[in-house]
Amino acid sequence: MNRLFVSFLIIFILKFDFSYSQYTEIINSNRPGSSSGAFSVGKNILQLENGFYYTNEQHQLLNYKVKGFGADFKIRYGFLFDKLEMILDGVYQADNYTDNRYSPSNSFDRKNFKKFKIGAKYLLYDPNKGQKEKLPSVYSYHNRNFDPANPTKSKKFRFKNLIPAISAYVGMNLDSRNNPYTNSGVSGINPSVAIFTQSNITYRSVITTNLIFERIGSSQNDFEYIVSLTHAFSESMIGFIETHGIKSDFYAENKMSLGVAYLFSDNLQIDIGAIVNFKDTPQIFNVGLGLSYRLNLNAMK
């Protein structure tokens, strides 16, 4: 499995052109939301995207309740080439599960990784590549819609901005045995592949789409789709709304997220958001706070 992954990644990288830069002066975070953008952080950029959340879940049919806290993290590093990004990401949760089918109720604590993945993302296509006009706003949510030479003047809409940038992801899920958050038969290493797209529907709004196949070949072979709409209210404030669907034999869900993010500096962003769904099997409510920080290793050389 590991040799196959490495061989595929090497062939994949060598197939494409590397004379390209995605570095921006402002942090390019995937937060807020669960989706991943098409663009990488840039060569020798280390970026940390972390969040903490409270979760409340109730299942009317199975008559259980879950309350607890969790942390999600993503470490992104621009590796070898500007188009290539290595990603380590995961979600760890600790909660109390109460089974109300019994009298008295049966309650116990749970904790484990809901997700732990390592992988690589590579930009396949950028519709803006080769154009003479410098558009740093394409890659970063912040400063996407503002002309530094004339910040009060909006840029003209162009239909070619609707053409999405496209990247591909290959990774591995690392699952432990007896994990309460996965199917009982899932453990070890299971591959994951995904396609990420990103396009400007206006100069203030960007839509990101993810198509993801998780734990391929396992007893929990998930298909996920995520569609996010991000809108810039100003150079420092953005908002987002997102739908996230999951389908497998083990679990099916359709969640909606919304929230805002604020840029404190070129390298620091905070965000707050909430997740809800529209069914009671289970009914989900999450609220969380996140922080993204960028470290430019090029400046340390």
Side-chain angles (χ1 to χ4, degrees), residues 1-10 12-13 22-23 27-53 69-94 111-123 139 167-177 179 181-182 186-196 198 208 210-216 218 220 222 224 226 228 244 246 267-271 288-298 300:
M1 176 76 67
N2 293 341
R3 291 181 180 178
L4 180 61
F5 173 77
V6 173
S7 299
F8 176 81
L9 187 59
I10 291 173
F12 185 70
I13 293 170
Q22 291 177 239
Y23 174 77
I27 188 171
N28 174 23
S29 176
N30 284 324
R31 298 189 65 92
S34 301
S35 66
S36 294
F39 298 102
S40 76
V41 292
K43 184 179 177 181
N44 292 327
I45 301 296
L46 178 64
Q47 193 157 296
L48 309 177
E49 302 174 8
N50 304 311
F52 302 92
Y53 64 88
F69 297 88
D72 57 270
F73 63 90
K74 184 172 290 186
I75 302 173
R76 304 169 62 191
Y77 177 60
F79 182 65
L80 292 179
F81 312 105
D82 283 312
K83 293 184 179 183
L84 177 64
E85 177 180 291
M86 305 301 294
I87 306 169
L88 175 67
D89 67 313
V91 178
Y92 185 87
Q93 185 167 308
K111 57 183 178 180
N112 211 320
F113 282 97
K114 301 185 75 173
K115 178 176 71 172
F116 190 85
K117 294 172 60 178
I118 184 170
K121 178 178 73 176
Y122 189 84
L123 183 68
Y139 310 116
S167 65
Y169 172 90
V170 179
M172 296 178 290
N173 290 276
L174 308 177
D175 295 301
S176 62
R177 293 182 179 181
N179 189 333
Y181 303 114
T182 61
V186 174
S187 66
I189 300 174
N190 296 291
S192 171
V193 297
I195 294 293
F196 306 143
Q198 180 176 329
T208 303
N210 294 179
L211 301 176
I212 309 166
F213 292 90
E214 293 279 22
R215 300 183 175 92
I216 298 171
S218 73
Q220 189 179 330
D222 297 337
E224 300 185 30
I226 308 175
S228 300
H244 183 181
I246 306 171
N267 297 312
L268 179 63
Q269 172 192 291
I270 65 166
D271 62 83
L289 178 69
L291 181 147
S292 300
Y293 180 75
R294 181 180 71 165
L295 183 63
N296 183 359
L297 302 181
N298 294 294
M300 298 182 178

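These numbers come from a predicted model, not from an experiment.
- Interatomic distance, N267 CG to R294 CZ, rounded to the nearest 0.5 Å: 4.5 Å.
- Residues L123 and F39 have side chains in contact (heavy-atom distance under 4.5 Å, counting atoms from C-beta outward).
- Annotation for N112 and S176: closest pair ND2-OG, 3.4 Å, computed over non-hydrogen atoms.
- Here the CG atom belonging to L48 is positioned 11.0 Å from the CG atom belonging to L268, to the nearest 0.5 angstrom.
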*For V193 and I216, run side chain to side chain contact (heavy atoms under 4.5 Å, CB included): C-alpha distance rounded to whole Å, both residues' side-chain angles, the deciding distance at 0.1 Å, then the answer.*
CA-CA 8 Å; V193 297; I216 298 171; 3.8 Å; yes
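- Between the side chains of Q269 and Y293, no donor N or O sits under 3.5 Å from an acceptor N or O.
- Checking E214 against S192 by side-chain atom types alone, a donor-acceptor pair falls below 3.5 Å.
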_Worked check of side chain to side chain contact (heavy atoms under 4.5 Å, CB included) between T208 and I226_ = CA-CA 8 Å; T208 303; I226 308 175; over 6 Å; no
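- With sequence neighbours left out, F52 forms a ring pair (Phe, Tyr, Trp, His ring centres under 6.0 Å) with no residue at all.
- The closest side-chain donor-acceptor pair between R215 and N190, if any, does not fall under 3.5 angstrom.
- Between S292 and E49, the shortest heavy-atom distance links the atoms OG-CG, 3.7 Å.
- In this structure, CG in L174 is found 11.5 Å from OG in S187, a value given to the nearest 0.5 Å.
- H244 places a side-chain heavy atom less than 4.5 Å from the side chain of E224.
- Side-chain atoms of L297 and Y77, non-hydrogen and from C-beta on, do get closer than 4.5 Å to each other.
- Looking at F113, F73, F69 one by one, the single match for side-chain contact (heavy atoms from CB on, under 4.5 Å) with Y92 turns out to be F113.
- A pairwise comparison of heavy atoms in R31 and G290 identifies NH2-CA, 3.4 Å as the closest pair.
- Summarising the geometry of V41 relative to G78, their closest heavy-atom pair is CG2-N, 3.6 Å, with the distance given to 0.1 Å.
- The aromatic rings of Y169 and F196 sit tilted, their planes meeting at an angle between 30° and 60°.
- Distance alone, capped at 3.5 Å, is enough to place a donor-acceptor pair between the N30 side chain and the G37 backbone.
- Residue F81 holds its CZ atom at 12.0 Å from OG of S40, rounded to the nearest 0.5 Å.
- The structure places CD1 of I270 at 6.5 Å from CG of L289, a figure rounded to the nearest 0.5 Å.
- Here the options are K74, R76, K43, the test is salt bridge (Lys or Arg N to Asp or Glu O under 4.0 Å), and the partner is E85; only R76 passes.
- N210 places a side-chain N or O within 3.5 Å of a backbone atom of S36 that can act as its donor or acceptor partner.
- Rounded to the nearest 0.5 Å, atoms CG (D72) and CG (N50) are 7.5 Å apart.
- F79 is not listed as a side-chain neighbour of I45, based on a closest heavy-atom distance of 4.5 Å or more.
- Within the 4.5 Å cutoff, no side-chain heavy atoms of I75 are placed close to those of D89.
- Between D175 and K117 there is no salt bridge, since no side-chain N of the basic residue sits under 4.0 Å from a carboxylate O of the acidic one.
- One N or O on the side chain of Q47 and one on the backbone of N28 form a donor-acceptor pair closer than 3.5 Å.
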